[in-house]
2 protein chains.
Amino acid sequence: MNSTTVSSISTHVGQEVELKGWCYNFRSSGKIFFLQFRDGSGRVQVVYSKGDLSEEQWEALQSLRLESSVIVTGLVKEDSRSPSGFELEGRGVNIVQIADEGYPIGKKEHGPDFLLDNRHLWLRSESQWAVQRVRDQIITSTYNYFHENGFVKFDTPILTPTSCEGTTELFEMDYFADEQGGPMGKGVPESVHTSTGQKAYLAQSGQLYLEAGIMSLGKAFDFGPVFRAEKSKTRRHLTEFWMMDAEAAYVEHEENMQIQEALIIRIVKDVLEKCAYELKVLERDTEPLSKVQAPFPRLTHAQAIAKLRELGSDIGDKDDLGADDETILTKEFDRPIFIEKYPAEVKAFYMKRDPNNPELALNNDLLAPEGYGEIIGGSQREDNYETLMQRIREHNLDPEPFQWYVDLRRYGSVPHSGFGYGLERIVGWVCGLHHVRETIPFPRLINRITP
Amino acid sequence: MNSTTVSSISTHVGQEVELKGWCYNFRSSGKIFFLQFRDGSGRVQVVYSKGDLSEEQWEALQSLRLESSVIVTGLVKEDSRSPSGFELEGRGVNIVQIADEGYPIGKKEHGPDFLLDNRHLWLRSESQWAVQRVRDQIITSTYNYFHENGFVKFDTPILTPTSCEGTTELFEMDYFADEQGGPMGKGVPESVHTSTGQKAYLAQSGQLYLEAGIMSLGKAFDFGPVFRAEKSKTRRHLTEFWMMDAEAAYVEHEENMQIQEALIIRIVKDVLEKCAYELKVLERDTEPLSKVQAPFPRLTHAQAIAKLRELGSDIGDKDDLGADDETILTKEFDRPIFIEKYPAEVKAFYMKRDPNNPELALNNDLLAPEGYGEIIGGSQREDNYETLMQRIREHNLDPEPFQWYVDLRRYGSVPHSGFGYGLERIVGWVCGLHHVRETIPFPRLINRITP
């Protein structure tokens with residue numbers, strides 16, 4: 001007997017196999033019992049005939065409840081009516097555990113709060129299973145793309161001593177503030193043990209640290225959780241989400257956008273090829289995804305503003321684009337679009353200015369089509385020491401905590417650029433989901449850190 | 001002219017190429033100028049003869065300082081004396097930025113605090129560059145191993161509502177405790193806005209969440225930063241470090257150890273093959289690494305205690321192994337060793353007991369050789385609802401926050417096992433480093449969260 005998985009049964013047609021997993025549904029019709037089986041790798045129906053089983057095994061089947069764990073044996077048969085293309089002619093069943101009565105998640109519609117309260121179980125539904133598999137593919141494609149292109153993974157820190165970008169949406173904590181830990185940081189004598197201690201902040205991006213990394217490694221990326229104390233409840237925001245930052249030395253604005261374009265094309269191509277079943281489960285229309293081809297249309301910020309006004313918006317010349325603006329714009333195009341060269345004054349201090357117009361930043365956002373909006377933000381970085389120091393002052397930031405960062409401009413400064421993507425937004429777009437909360441196993445929202 | 005990288009120059013022998021990077025050292029000898037060049041992908045010497053350059057370019061070379069950024073052009077020549085096997089006959093140089101005088105890191109020995117204060121620059125040294133490249137390879141091998149074996153990446157949360165294992169080494173923070181955020185959690189009315197708010201804790205492991213993941217995906221792994229408010233300063237501890245957890249349904253203790261063994265063998269094999277240059281830079285003796293082959297020796301905890309006593313230790317029957325014990329034990333073997341079946345009472349509540357001796361846990365540690373000690377901890381998990389609830393009570397844990405976790409035993413419980421590795425410890429061992437602080441780009445220690 002071959003112990004195998006649903007994903008491999010195509011290689012066992014005509015053979016008897018053993019599968020270990022769960023019964024996600026069943027129905028009985030007299031002397032036939034249909035067991036809907038899943039094992040994490042896929043789903044298949046097992047059809048038992050009473051005559052093929054011992055009395056004891058037939059009785060065992062009758063005792064099944066939803067989500068019971070079972071080991072099934074059966075003969076693999078091709079079945080064109082089945083979504084998997086196969087069916088098992090049941091030969092035996094070994095019940096590992098009969099689930100408690102009243103599995104909370106049924107066929108009826110549940111509200112989002114109920115599903116989030118039961119997230120640990122809801123993850124078993126086929127749609128959530130499919131989302132996590134697509135997420136895994138997007139992660140894998142990202143690693144593969146960067147490694148094939150000479151980037152090195154460089155793990156930037158989460159615990160940071162300052163708000164690097166002067167934002168207010170930081171989570172703050174005491175770092176060894178108590179009696180034993182003592183004080184932190186340079187210049188604080190070891191003898192001072194106060195309860196105020198040192199504050200630490202959870203990183204919102206690894207970019208600044210990644211800039212140090214590329215001065216050693218040339219090209220680098222990080223990929224990990226970041227944190228924003230977002231007080232707005234929107235379908236695009238989580239307080240904890242996964243971000244990938246990439247950075248490269250001697251790469252300027254134009255090439256930076258080319259890297260972003262190639263990465264996104266690679267991700268979508270891989271998902272279409274390798275997650276066709278998952279996209280079908282999610283009822284994702286793959287037509288828009290198949291149009292994700294180079295070149296992505298490009299608009300300057302000024303052109304985007306003009307276009308939005310044509311479409312009836314009253315957006316101002318120097319306004320950043322809001323979520324609604326992005327949604328409207330992306331619906332005008334059939335593929336992701338770059339919006340580049342925003343007014344520098346609404347953008348971060350580290351962005352390099354356009355040499356042709358110092359009012360503009362050499363930056364870009366990348367907006368996903370079908371109304372999804374921003375998935376990437378990137379820019380060339382200011383590489384001149386004096387200019388960068390001036391920007392820090394202009395943004396009313398304390399220069400002291402940035403000393404290490406500006407050091408990168410004192411010792412071997414090079415033109416360099418980078419970008420960051422929000423994993424959950426890409427998963428949401430590729431899977432065609434309405435809310436990012438479905439894209440991450442255990443979403444953290446302003447009103448939720450459970451289960 | 002080919003713009004290329006040091007890692008690719010072997011394909012350009014006899015051609016003129018352009019390389020973009022940094023000058024990490026130089027010396028002048030009359031009419032010859034030796035420029036030691038690095039570009040993140042590797043290092044090569046560029047040899048300039050005064051006669052080959054314009055007056056202006058020759059003068060520019062004289063103005064170079066350590067760590068200046070330069071674009072060099074030259075003819076690629078094989079050179080058996082060079083570590084890279086190649087040399088560039090310099091044709092031109094374009095100085096991007098002359099570094100400030102007094103680059104802090106020189107040839108002299110610096111103390112660890114000085115190097116950590118200048119971590120953003122120290123990362124450029126060849127040894128630190130090599131460590132980060134090996135780290136990247138270990139990460140890549142881990143992803144590849146798991147994906148080739150049917151595991152899905154499943155990102156477990158960092159912000160968690162409780163101390164899952166009742167440990168005291170947790171970092172705690174307020175989660176929207178202020179006036180705008182409002183209260184959190186089920187059962188707290190929206191109208192209550194107090195300053196006490198909800199506490200969140202930074203995760204120490206994703207294991208419990210991963211157990212929910214495998215009930216959907218069958219096999220899953222996570223890989224991200226975790227946090228321990230370790231008050232001990234040792235060479236094996238960081239407050240922020242990267243952990244990989246793997247978990248699989250229908251996998252029991254024995255198979256769990258086989259997976260660990262195969263993973264570690266794969267990692268070491270890949271590093272030996274793909275990072276030979278980096279290991280040479282680190283002066284790592286590869287002989288011990290080449291012995292990392294199956295099967296790894298196995299000792300029960302009782303056998304390990306007996307062995308330690310033979311070696312002169314006064315360790316007690318039920319003591320957990322300390323770092324010194326691990327160091328002593330690993331020196332007795334030429335490859336990683338499993339220590340299995342610890343006394344259950346000194347281990348976590350979720351570990352399944354040995355059916356042959358319920359005093360023992362079905363767990364294992366994996367100790368790296370050469371004195372490195374624990375790199376993996378794993379166990380089969382308790383899958384019986386009643387037994388698990390009893391363990392929670394025995395460990396004096398509040399059962400309420402574990403409701404979702406024990407639900408996994410109520411609905412389709414299966415035998416399952418998993419393990420976690422500490423990335424920094426594996427990097428430290430494979431690279432042959434004394435202290436884990438060199439294994440991560442920006443180490444966080446009890447007295448350091450900068451730069």
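Numbered from 1 within each chain, the chains take letters A, B, ... in sequence-line order.
- In this structure, no portion of B/E424 lies under 4.5 Å from any heavy atom of chain A.
- For B/T156, the part sitting under 4.5 Å from any heavy atom of chain A is the backbone (N, CA, C, O) and nothing else.
- A salt bridge links B/R409 with B/E211: at least one charged nitrogen is closer than 4.0 Å to a carboxylate oxygen.
- Looking at B/F227, only its side chain comes within 4.5 Å of chain A, counting heavy atoms on both sides.
- The candidate from A/G218, A/A99, A/P157, A/A212 with the greatest count of non-hydrogen atom pairs under 4.5 Å with chain B is A/P157.
- A salt bridge links B/D174 with B/K199: the distance from a Lys NZ or Arg NE/NH1/NH2 to an Asp or Glu carboxylate oxygen falls below 4.0 Å.
- Residue contact with chain A, scored on non-hydrogen atoms closer than 4.5 Å, involves the backbone and the side chain of B/D155 alike.
- Counting heavy-atom pairs under 4.5 Å between each of B/Q137, B/Q403, B/R38, B/R444 and chain A puts B/R444 at the top.
- In this structure, a donor-acceptor pair under 3.5 Å is present between the side chains of A/Y175 and B/T239.
- Looking at B/E172, the atoms closer than 4.5 Å to chain A (heavy atoms on both sides) all sit in the backbone: N, CA, C or O.
- Between the side chain of A/D39 and the backbone N or O of A/V6, at least one donor-acceptor pair lies under 3.5 Å.
- For B/H147, the part lying under 4.5 angstrom from a heavy atom of chain A is the side chain only.
- Using a 4.5 Å cut-off between heavy atoms, B/E240 contacts chain A through its side chain alone, with no backbone atom that close.
- Contacts of B/A249 with chain A are made by side-chain atoms alone, with heavy-atom separations under 4.5 Å and no backbone atom involved.
- Among the candidates B/K153, B/M215, B/Q132, B/M173, the residue making the largest number of heavy-atom pairs closer than 4.5 Å to chain A is B/M215.
- Of the two parts of B/L202, only the side chain, counted from C-beta on, holds a non-hydrogen atom closer than 4.5 Å to a non-hydrogen atom of chain A.
- A salt bridge links B/R410 to B/D407: one of the charged nitrogens lies within less than 4.0 Å of a carboxylate oxygen.
- In this structure, B/N118 contributes its side chain and B/F114 its backbone to a donor-acceptor pair below 3.5 Å.
- Proximity of a side-chain donor or acceptor of A/S68 to a complementary backbone N or O of A/R65 within less than 3.5 Å is detected.
- When each of B/D136, B/L66, B/D383 is scored by its heavy-atom pairs under 4.5 Å with chain A, the top score falls to B/D136.
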| So A/F442 and B/Y209, ring-ring contact (aromatic ring centres under 6.0 Å, His included) or not? Walk me through it. | CA-CA 8 Å; A/F442 290 92; B/Y209 291 97; 4.7 Å; yes
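- For the pair B/I449 and A/A200, the tightest heavy-atom approach, listed with the atom from each and the gap, is CD1-CB, 3.9 Å.
- Put simply, of A/I71, A/I95, A/L217, the one with the most heavy-atom pairs under 4.5 Å next to chain B is A/L217.
- Taking every heavy atom of both residues into account, B/A220 and B/I214 meet most closely at N-CG2, 3.7 Å.
- Around CD of A/E148, the count of heavy atoms belonging to other residues, nucleotides or ligands within 6.0 Å exceeds 12.
- Contact of B/L423 with chain A is made through the side chain alone, with heavy-atom distances under 4.5 Å.
- With no hydrogens or angles considered, a side-chain donor-acceptor pair links B/Q128 and B/R119 at under 3.5 Å.
- Only the side chain of B/Y143 has a heavy atom closer than 4.5 Å to any heavy atom of chain A.
- Between chain A and the options B/S41, B/C23, B/G21, B/S125, the largest number of non-hydrogen pairs under 4.5 Å is found for B/G21.
- Counting heavy-atom pairs closer than 4.5 Å to chain A, the top residue among B/G213, B/G40, B/P401, B/P104 is B/G40.
- By the 30° and 60° cut-offs, the orientation of the rings of A/H120 relative to B/W404 is perpendicular.
- For B/Y411 and B/Y385, the ring centers sit 6.0 Å or farther from each other.
- With a threshold of 4.5 angstrom between heavy atoms, B/I139 approaches chain A through side-chain atoms but not through N, CA, C or O.
- Ranked by heavy-atom pairs under 4.5 Å with chain B, the first of A/V414, A/V96, A/I158, A/L123 is A/I158.
- Comparing B/G224, B/A229, B/P443 by heavy-atom pairs within less than 4.5 Å of chain A, the highest count is held by B/A229.
- Most heavy-atom pairs under 4.5 Å with chain B: of the set A/I98, A/L159, A/L408, this distinction falls to A/L159.
- Heavy-atom distances place the side chain of B/W242, and not its backbone, under 4.5 Å from chain A.
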